[in-house]
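This report refers to the structure that appears directly beneath it.
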Amino acid sequence: MVSGSFDLGDELRSPEEIFAAQREQLEKAEELQRRIGAVTGSATSDDQRISASFSEANGVEELRLDPRAMRLASEDLAAEIKRVVNAALADAQGQIQDLLNDALGADGQPSAQEIGEQAAELQGSLDELMRDSIRVDGELTGILEQIRKLAGE
């Protein structure tokens with residue numbers, strides 16, 4: 001999962017596992033950022049005489065006007081250019097949203113499958129923690145008995 005949310009499982013994993021998981025999340029975030037940076041939206045007027053492309057990095061990347069578009073009144077030409085550029089922007093934003101949905105889930109939340117996987121992992125970690133706690137309790141009891149013997153109790 002790409003989000004930076006706190007994962008209770010982090011408390012139960014070794015520092016190496018946490019570091020590896022964080023590095024993997026960082027790599028995924030960097031890849032997502034690269035893919036978002038490469039997005040270019042485009043749009044064309046209904047009569048195919050005006051086209052534009054837009055990117056987050058550069059804004060309007062390209063604006064093409066067919067010579068026949070120049071026959072429009074200046075106000076009409078300006079309005080149509082504005083509409084086409086805004087449509088190119090909307091196309092870029094839609095592509096970015098699709099990338100985010102793919103990375104994070106449609107609503108920005110983990111999917112049910114991801115939650116189930118995390119729950120199973122958490123249950124396994126809790127079981128392991130319980131076994132370790134019982135083992136450590138036994139070891140501490142043994143150490144305490146040795147200390148008592150040495151102290152002459």
Side-chain angles (χ1 to χ4, degrees), residues 1-140:
M1 182 164 73
V2 176
S3 72
S5 65
F6 177 74
D7 181 3
L8 181 59
D10 288 347
E11 294 296 318
L12 306 174
R13 295 187 286 179
S14 71
E16 293 82 13
E17 290 173 319
I18 294 169
F19 180 72
Q22 292 298 322
R23 185 177 12 176
E24 181 181 337
Q25 287 182 350
L26 179 61
E27 289 170 359
K28 287 179 181 179
E30 288 172 346
E31 173 64 16
L32 179 60
Q33 188 174 22
R34 185 196 63 72
R35 291 177 67 195
I36 287 172
V39 167
T40 300
S42 59
T44 303
S45 64
D46 293 338
D47 63 7
Q48 308 290 313
R49 294 181 182 173
I50 301 170
S51 64
S53 61
F54 184 94
S55 73
E56 286 293 321
N58 300 317
V60 177
E61 293 261 345
E62 180 180 26
L63 178 62
R64 290 188 310 156
L65 303 173
D66 183 291
R68 294 172 291 175
M70 303 305 283
R71 296 183 191 142
L72 293 171
S74 62
E75 297 85 15
D76 294 339
L77 179 60
E80 189 63 12
I81 290 172
K82 182 178 175 183
R83 189 193 68 72
V84 170
V85 167
N86 285 332
L89 168 62
D91 181 47
Q93 290 172 335
Q95 291 178 49
I96 290 170
Q97 188 62 52
D98 289 345
L99 289 172
L100 292 172
N101 289 347
D102 289 346
L104 302 174
D107 59 359
Q109 299 297 320
S111 68
Q113 179 180 351
E114 290 172 316
I115 291 170
E117 289 169 359
Q118 282 189 342
E121 183 180 329
L122 179 58
Q123 183 62 51
S125 296
L126 289 172
D127 291 345
E128 184 178 337
L129 180 62
M130 184 60 81
R131 285 190 300 273
D132 289 346
S133 296
I134 292 169
R135 181 182 50 80
V136 169
D137 181 55
E139 290 175 4
L140 289 174

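Quick caveat: nothing in here was measured; it's all calculated off a predicted structure.
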Gap separating the CD atom of E27 from the CD atom of E31, nearest 0.5 angstrom: 10.0 Å
State whether the side chain of S51 and the backbone N or O of T44 hold a donor-acceptor pair below 3.5 Å, judged by distance alone. no
Partner set under salt bridge (Lys or Arg N to Asp or Glu O under 4.0 Å) for D66, not counting sequence neighbours: R68
Heavy-atom pair with the smallest gap, counting every atom of L77 and A69: CD1-O, 3.8 Å
Any salt bridge (Lys or Arg N to Asp or Glu O under 4.0 Å) pairs touching residues 41-59, not counting sequence neighbours? none
Partners meeting salt bridge (Lys or Arg N to Asp or Glu O under 4.0 Å) with E62 (sequence neighbours left out): R64
Check whether any side-chain heavy atom of N58 lies under 4.5 Å from a side-chain heavy atom of T40, and answer yes or no. no
Rounded to the nearest 0.5 Å, what separates atom CD1 in I81 from atom CG in D76? 11.0 Å
Could you go through residues 82-93 and list every donor-acceptor pair under 3.5 Å that involves a side-chain atom there, pairing it with any protein atom two or more places apart or in another chain?
unit_1	atom_1	unit_2	atom_2	d
R83	NE	E80	OE1	3.4
R83	NE	E80	OE2	3.4
R83	NH2	E80	OE2	2.9
N86	ND2	K82	O	3.3
D91	OD2	S42	N	2.8
D91	OD2	Q95	NE2	3.1

Distance check, rounded to the nearest 0.5 Å: D98 atom CG versus L100 atom CG? 9.0 Å
What residues form a salt bridge (Lys or Arg N to Asp or Glu O under 4.0 Å) with R35, not counting sequence neighbours? none
To the nearest 0.5 Å, atom CD1 of I96 lies from atom CG of N101 at 12.0 Å
Residues at least two apart in sequence or cross-chain that pass salt bridge (Lys or Arg N to Asp or Glu O under 4.0 Å) with R23, listed by chain then number, are none
